[in-house]
S.K.: 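Questions regarding the structure given below will be posed in turn.
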Amino acid sequence: MARDLKEIKDINEIKDLGWDELIPGAALFSFTEPVEDVAEVPMEERPYAPTNSHEWQVGDWRVEKPVYNRDLCIDCQFCWVFCPDMSILSRDKKMIGVIYEHCKGCGICVEVCPTNPKSLLMFPEHMDNDEALSMWPKKEEKDK
Amino acid sequence: MVKKIKNLKEFSLSNDRFEGANLMCPGCSHNIIVREVLNATDDPVIVATATGCLEVCTAVYPKTSWDVSWIHIGFENAAVAAATVSAAYEVMKKKGKLPPATQKMVDEGREPKIVAFAGDGGTYDIGFQSLSGAFERGHNFMYVCLDNEVYANTGGQRSSSTPIGASTTTSPAGSVSYGEKMMKKSMVEIMADHGAPYVAQVSPSKWKDLVKKVQKGFEVYGPVYINAQSACTTEWKHAPEDTIEVSDLGVDSCVWPLYEIINERDEHGIIYSTKLNITYRPKTKIPVEEYLAAQPRFRHLFKPENRHIIDLWQKAVDARWEYLQKREEAGV
């Protein structure tokens, strides 16, 4: 029996279904209703279907998480362009934060951050973000 | 319509059409390349993906990571799928049978872009005959090879893209062997010799160069081949956070030179002009040793008995860089 995507509210309902129980054939829909011009619609306004991986999460792969320090950031967007998991949230040319549901903790954003000290740093997953911010290192002096 | 991207801040206004929570490894270059390619345009994109890491990790039932029209096709025929979509689109456009939403975009000058993604296994080896056929017939599509120099999806077997000295599961390094024996196939020249109007080599770490080349490729009519360096944390065995650094080392040591080849053909298909442009020149060309040292798959080359392979590498890279510069100078 095929299920209507709009009826499914919780992704756990479809986690264990067989390939022919959800949608006949092998087609999977990204959205619950047609979106004419996806490139013009920001992530927050898209009608994601439960079969879109955006609704799922891989955050539990991490042992260390990137913590973002707004005070040091220069909005260069290096972290945005090099993030492999679309986890850096940028709006109106400003970096806003990290999407922890999608971040796998690879650490590329920290490596490419050009500020001194870095405005993104890796901290243990269990640590509170405010605690991490209070431990932020001071500016490093360069040897001449 | 060409999207205006002057700098990275403007580029960051793009809305991603490739979704997170896919199952690619942390720090995978494939994702970075796919994002940069899709964000290079705001026009509708139709994607065909050959079997490989990208396909098995972004479409694990019951979920998909693609917000564009996407088809999974066999290991060997991503190019054929893209070529067929391109041919069907052109017939429907000619007969006026496009869906209204698509027709509206075409009227605004926003033609759909057709892209095939495949790994180096699906391009250099298994997919080569269908790729060659599609390029010979001259369909209007772009083929992006995500070149991680190994069959990473199936456990790291060598492909014809694997460079000499690399240790893979089918060319393991040990007491009797230094690893892979063959040099890498030069796919870019092979595809350029098909007479394709635009062929280029890119690296995800040089995002602006990549976006510019993809936009150029979307503008020309005919098959376009893009060879993208894709550092693989699993099979190159470097740390996930070093992906961009390893890519940069490859570019700055000229192991992975960034260049493009533009062929101009007359109405009979005769090539009357070929031009090779080097689009990035490293300020200081670093020794190949640094690139090799960053990847544990080449660790055994630093033993005294394998040192001659590093010298061979340097010689091969220098010769190739010299060759590219000569071609650029001569305008052929």
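Note that these values count all heavy atoms, side chains included, but never hydrogens, waters or copies made by symmetry. Chain naming here is simple, since letters A, B, ... match the order of the sequence lines and numbering starts at 1 in each. Remember, it's a predicted structure, so these values are computed and weren't measured experimentally.
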S.K.: Looking at side-chain heavy atoms only, is the closest gap between A:V41 and B:N15 below 4.5 Å?
M.R.: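 A side-chain contact under 4.5 Å is absent here.
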
S.K.: Name the region of A:E40, side chain, backbone, both or neither, that has any atom closer than 4.5 Å to a heavy atom of chain B.
M.R.: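 When you check distances to chain B, atoms from both the backbone and side chain of A:E40 fall under 4.5 Å.
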
S.K.: CD of B:E19 to OG of A:S53: how many Å apart, nearest 0.5 Å?
M.R.: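 Spacing of CD (B:E19) from OG (A:S53) equals 6.0 Å.
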
S.K.: For B:L23, is it the side chain, the backbone, both or neither that has a heavy atom under 4.5 Å from a heavy atom of chain A?
M.R.: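 Interface part for B:L23: both.
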
S.K.: Measuring heavy-atom distances to chain A, does B:N7 have an atom under 4.5 Å in its side chain, in its backbone, in both, or in neither?
M.R.: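 Contact with chain A is absent: no heavy atom of B:N7 under 4.5 Å.
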
S.K.: Among the options B:V45, B:L8, B:T41, B:D242, pick out the one with the most heavy-atom pairs lying under 4.5 Å from chain A.
M.R.: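 The residue among B:V45, B:L8, B:T41, B:D242 with the greatest pair count is B:L8.
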
S.K.: For residues 82-105 of chain A, which residue pairs qualify under ring-ring contact (aromatic ring centres under 6.0 Å, His included), counting only residues two or more places apart or in two chains?
M.R.: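 Listed by first then second residue: A:H54-A:H102.
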
S.K.: Is atom CG of A:D60 surrounded by more than 12 heavy atoms (other residues, nucleotides or ligands) closer than 6.0 Å?
M.R.: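 Yes, enclosed.
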
S.K.: Please tell me if the side chains of A:K93 and B:L13 come closer than 4.5 Å, counting only heavy atoms from C-beta onward.
M.R.: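 In short, these two side chains touch, coming nearer than 4.5 Å.
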
S.K.: Counting only non-hydrogen atoms closer than 4.5 Å, does A:R46 touch chain B with its backbone (N, CA, C, O), its side chain (CB onward), both, or neither?
M.R.: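 Just the side chain, heavy atoms under 4.5 Å.
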
S.K.: When heavy-atom pairs shorter than 4.5 Å are enumerated against chain B, which of A:S87, A:G105, A:G59, A:P42 gives the highest number?
M.R.: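 Sorted descending by pairs with chain B, the first entry is A:P42.
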
S.K.: So which part of A:W61 gets closer than 4.5 Å to some heavy atom of chain B, the side chain, the backbone, both or neither?
M.R.: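 The side chain, not the backbone.
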
S.K.: With a sphere of 6.0 Å drawn around NZ of B:K212, does it hold more than 12 non-hydrogen atoms of other residues, nucleotides or ligands?
M.R.: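 Counting other residues, nucleotides and ligands, NZ of B:K212 stays at 12 neighbours or fewer.
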
S.K.: Would you say that more than 12 heavy atoms from the other residues, nucleotides or ligands in this model lie under 6.0 Å from the CD of B:E219, or not?
M.R.: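 Yes, enclosed.
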
S.K.: Relative to chain A, which segment of B:M105 carries a heavy atom at a distance below 4.5 Å: side chain, backbone, both, or neither?
M.R.: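 B:M105 touches chain A through side-chain heavy atoms alone.
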
S.K.: Residue by residue, which of residues 108-134 of chain A have a heavy atom closer than 4.5 Å to a heavy atom belonging to chain B?
M.R.: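 Counting heavy atoms that sit under 4.5 Å from chain B, the residues of residues 108-134 of chain A involved are A:I108, A:E111, A:V112.
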
S.K.: Within the side chain of B:R35, is there an N or O that forms a donor-acceptor pair under 3.5 Å with the backbone of A:D85?
M.R.: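 Here the side-chain-to-backbone pair does not exist.
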
S.K.: Pick whichever of B:A59, B:G27, B:A239, B:C28 has the most heavy-atom pairs under 4.5 Å with chain A.
M.R.: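 Highest number of pairs under 4.5 Å: B:G27.
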
S.K.: Given a strict heavy-atom distance threshold of 4.5 Å, which part of A:Y48 is in contact with chain B: side chain, backbone, both, or neither?
M.R.: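 A:Y48 touches chain B through side-chain heavy atoms alone.
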
S.K.: Is a side-chain donor or acceptor of B:T64 paired with a backbone partner of A:N52 at a separation under 3.5 angstrom?
M.R.: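 Here the side-chain-to-backbone pair does not exist.
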
S.K.: Are side-chain heavy atoms of A:T51 and B:Y61 found at a separation under 4.5 Å?
M.R.: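 SC-SC contact between A:T51 and B:Y61 ruled out.
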
S.K.: Should the heavy atoms of other residues, nucleotides or ligands under 6.0 Å from CZ of A:F78 be counted, would the total exceed 12?
M.R.: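 For A:F78, atom CZ is not crowded (no more than 12 foreign heavy atoms under 6.0 Å).
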
S.K.: What option among A:G107, A:C83, A:P84, A:S30 has the most heavy-atom pairs under 4.5 Å with chain B?
M.R.: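 Max contact count across the listed options: A:P84.
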
S.K.: Using a 6.0 Å cut-off, check whether atom NZ of B:K237 has over 12 heavy atoms from anything other than its own residue.
M.R.: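 Yes, NZ of B:K237 has more than 12 neighbouring heavy atoms, counting only those of other groups under 6.0 Å.
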
S.K.: What part of B:P44 is in contact with chain A, defined as an atom under 4.5 angstrom from a non-hydrogen atom: side chain, backbone, both or neither?
M.R.: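 Answer is neither: B:P44 stays 4.5 Å or more from chain A.
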
S.K.: So which residue, B:N31, B:D67, B:V68, ends up with the most heavy-atom pairs under 4.5 Å with chain A?
M.R.: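 Of B:N31, B:D67, B:V68, B:D67 has the most heavy-atom pairs under 4.5 Å with chain A.
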
S.K.: Is any side-chain heavy atom of B:K63 less than 4.5 Å from a side-chain heavy atom of A:E55?
M.R.: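 The answer is no; the side chains never approach within 4.5 Å.
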
S.K.: Assess whether salt bridge (Lys or Arg N to Asp or Glu O under 4.0 Å) is satisfied between B:K9 and A:D75, documenting all intermediate values.
M.R.: CA-CA 8 Å; B:K9 285 196 178 189; A:D75 294 308; 5.4 Å; no

S.K.: Below 4.5 Å, heavy-atom pairs only: which of B:R110, B:H30, B:H72 has the largest tally toward chain A?
M.R.: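 Sorted descending by pairs with chain A, the first entry is B:R110.
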
S.K.: Decide whether A:K104 and B:N22 meet the rule of one side-chain donor and one side-chain acceptor closer than 3.5 Å.
M.R.: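 Looking only at side-chain atoms, B:N22 and A:K104 do form a donor-acceptor pair, the distance falling under 3.5 Å.
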
S.K.: Show the numbers, then the answer: is there a side-chain contact (heavy atoms from CB on, under 4.5 Å) between B:F11 and A:Q77?
M.R.: CA-CA 9 Å; B:F11 193 39; A:Q77 307 295 350; over 6 Å; no

S.K.: B:W70 versus chain A, heavy atoms under 4.5 Å apart: side chain, backbone, both or neither?
M.R.: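 No part of B:W70 comes within 4.5 Å of chain A.
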
S.K.: Working to the nearest 0.5 angstrom, can you tell me the gap between A:I88 CD1 and B:D16 CG?
M.R.: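 Separation between the atoms: 11.5 Å.
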
